[in-house]
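Following: one structure in structure tokens, then a few remarks.
Chain letters run A, B, ... following the sequence lines, proteins first and then strands; every chain starts at 1. Hydrogens, waters and symmetry mates play no part in the numbers below; they use all other heavy atoms, side chains included.
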2 protein chains.
Amino acid sequence: MALDHAILVSLLEQPGSGYELARRFERSIGYFWTATHQQIYRVLKRMEGDGLLDVREVPQQGRPDKKEYSVAGPGRAALAQWLRDPIEPESLRHDLAVKIRGAAFDDPAALVREVERHHRAHSGRLAHYLAGESRDFTGPGAPAPLDAGQELQHVVLRGGIAYERMTIAWLDDVLETLHRITARGPGA
Amino acid sequence: MALDHAILVSLLEQPGSGYELARRFERSIGYFWTATHQQIYRVLKRMEGDGLLDVREVPQQGRPDKKEYSVAGPGRAALAQWLRDPIEPESLRHDLAVKIRGAAFDDPAALVREVERHHRAHSGRLAHYLAGESRDFTGPGAPAPLDAGQELQHVVLRGGIAYERMTIAWLDDVLETLHRITARGPGA
DNA sequence: AACCCCATGTAACGGGTTACATGATTCT
DNA sequence: AGAATCATGTAACCCGTTACATGGGGTT
């Protein structure tokens with residue numbers, strides 16, 4: 001149940017409403033943990049009920065009021081406890097790998113389009129991450145030296161960049177392999 | 001719902017019982033898709049009810065009888081259809097990244113142990129994958145040339161190897177970063 | 001005697017996804 | 001006029017996880 005903790009981290013970095021959190025989960029923290037607004041509202045309500053979060057109703061003009069959440073003392077303690085609990089190194093859930101193995105029982109050539117789509121998607125993400133890295137950490141406008149929080153955000157982003165680069169290289173390998181086995185014909 | 005399809009692929013590669021499938025999901029296909037036996041039995045029953053699988057009761061001596069499942073015609077068609085449906089490039093779910101960002105609000109040094117544990121786990125997996133690669137695909141006892149199915153299994157395994165190598169390198173980066181920010185003291 | 005392996009299951013719970021719903025404001 | 005943005009929610013469903021249950025056979 002790491003959504004709770006992802007929300008705690010995000011609210012410690014910056015308090016905000018459920019709606020704002022939902023948008024952060026589309027970028028930034030969402031690069032390595034996803035959540036929809038329905039989930040977020042549900043969890044915020046529960047965490048508030050458990051005393052982990054404080055709420056403040058913020059009236060706004062020209063927009064609906066919002067509830068600004070921030071981390072309460074017990075929430076901070078819960079995060080600290082979680083940081084001390086070991087977690088299991090996670091295993092992959094990779095649909096595309098299942099498809100690739102499944103292609104042996106169908107038409108491997110039909111997968112080329114799909115793999116190319118994924119290749120484009122990952123290239124797009126990589127470009128996006130690199131732009132963010134330059135903007136926030138390595139570019140001319142970025143703060144230097146970085147504080148501890150920024151260093152940690154940066155190393156997480158470097159992980160995302162490494163992941164996308166690795167994935168793109170692997171998808172190239174997959175495409176090459178698909179071409180190789182289809183070139184020699186279905187009977188080989 | 002890719003568990004269904006992972007099961008179809010695995011049963012096409014080799015028919016087997018729920019128990020055998022559960023063990024395959026601890027290695028092989030389990031490298032990129034996990035499932036417990038409870039899940040597998042539930043899904044097998046449903047898929048059999050839907051006519052996607054055939055069952056054969058196999059009596060055994062000295063062991064409980066088993067139900068050997070194999071893919072029926074409609075199951076093969078369902079897999080072919082799924083292979084044609086585009087899937088979304090998946091997003092990561094990376095607890096450790098959440099922890100790393102969260103460490104900014106606690107003690108970053110306390111994470112070193114945890115990161116080292118993950119490093120060891122991934123190194124172990126890499127060694128395991130490399131042994132499998134040598135045994136099945138590149139070593140002296142491996143078949144050559146590989147058929148299409150083997151080529152596809154190999155490229156998926158290369159993906160796992162690339163993932164573990166990338167992860168290990170990133171964890172080195174994380175450790176270095178943690179040391180750097182703790183060396184300069186909590187107030188920096 | 002204790003424990004692991006083979007083999008199959010049920011039950012309960014919780015998290016994630018999808019669909020639906022509301023309503024004001026701002027932009028094209 | 002229509003679409004997008006801000007903002008919050010309910011409801012239903014499915015999937016995954018955890019715990020519990022059974023029972024024979026082999027191993028230490």
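Under 4.0 angstrom from either OP1 or OP2 of C:dG16 there lies at least one side-chain N or O belonging to B:Arg93. Within the 4.0 Å cut-off from OP1 or OP2 of C:dT8, not a single side-chain nitrogen or oxygen of B:Tyr19 is found. At C:dC6, none of the side-chain N or O atoms of B:Ser17 fall inside 4.0 Å of OP1 or OP2 (strictly under the cut-off). Note on B:Lys45: every side-chain N or O is 4.0 Å or more away from OP1 and OP2 of C:dT8.
Residues A:Leu171 and A:Leu96 meet the side-chain proximity criterion, which asks for heavy atoms closer than 4.5 Å. With a 4.5 Å cut-off on side-chain heavy atoms, B:Arg117 and A:Pro89 count as touching. No side-chain heavy atom of A:Val55 sits less than 4.5 Å from a side-chain heavy atom of A:Glu57. For the pair A:Trp33 and B:Asp95, the minimum side-chain heavy-atom distance is below 4.5 Å. Residues B:Phe25 and B:His37 form no side-chain contact, since every pair of their non-hydrogen atoms from C-beta on lies 4.5 Å or further apart. With a 4.5 Å cut-off on side-chain heavy atoms, B:Leu146 and B:Gln153 do not count as touching.
One atom, CG of B:Asp65, and another, P of C:dG9, lie 12 Å apart when rounded to the nearest Å. Rounded to an integer number of Å, the gap from A:Leu3 CG to C:dT17 C1' is 13 Å. One atom, NZ of B:Lys66, and another, C1' of C:dG9, lie 18 Å apart when rounded to the nearest Å. For A:Leu21 and D:dG9, the CG to C1' distance is 15 Å, given to the nearest whole Å. Here D:dA7 presents its P atom at 13 Å from OH of A:Tyr69, a figure rounded to the nearest Å. If you take CD of A:Glu26 and P of D:dA4, they are 15 Å apart, rounded to a whole angstrom. Taking atom CG on A:Leu44 and atom P on C:dG16, their separation rounds to 13 Å, with Å as the unit. Rounded to whole Å, atom C1' of C:dG15 lies 10 Å from atom CG of A:Asp4.
Remark: nothing in residues 76-89 of chain B comes within less than 4.0 Å of DNA chain D through any heavy atom.
Evaluation of the salt bridge (Lys or Arg N to Asp or Glu O under 4.0 Å) rule for B:Arg93 yields no partner, not counting sequence neighbours.
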Indicate every side-chain donor-acceptor pair of residues 128-141 of chain A with a distance under 3.5 Å to a residue at least two apart or in another chain.
| from | atom 1 | to | atom 2 | distance (Å) |
| --- | --- | --- | --- | --- |
| A:His128 | NE2 | A:Tyr31 | OH | 2.8 |
| A:Glu133 | OE2 | A:His154 | NE2 | 2.8 |
| A:Thr138 | OG1 | A:Glu133 | O | 3.4 |

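Comparing the helix axis at one end of the helix from C:dA1-D:dT28 to C:dT28-D:dA1 with that at the other, each defined from 5 consecutive pairs, gives an inter-axis angle of 40° (nearest 10°).
One finds no salt bridge joining A:Glu13 and A:Arg24 here, because no Lys/Arg side-chain nitrogen approaches an Asp/Glu carboxylate oxygen to under 4.0 Å. Salt bridge annotation for A:Lys66-A:Glu20: present, with a cationic side-chain nitrogen under 4.0 angstrom from a carboxylate oxygen.
Ring geometry, A:Trp170 versus A:His94: the interplanar angle exceeds 60°, so the pair is classed perpendicular (tilted spans 30 to 60°).
A ring pair (Phe, Tyr, Trp, His ring centres under 6.0 Å) check over residues 105-126 of chain A, counting only residues at least two apart or in different chains, returns nothing.
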Base, backbone or nothing for each nucleotide of nucleotides 18-28 of chain D, written B, S, -, heavy atoms under 4.0 angstrom, 5' to 3'? BBB--B-S---

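For A:Tyr41, whose side chain is taken as the heavy atoms from C-beta onward, the closest listed nucleotide among C:dG15, D:dG9, C:dG16 is D:dG9.
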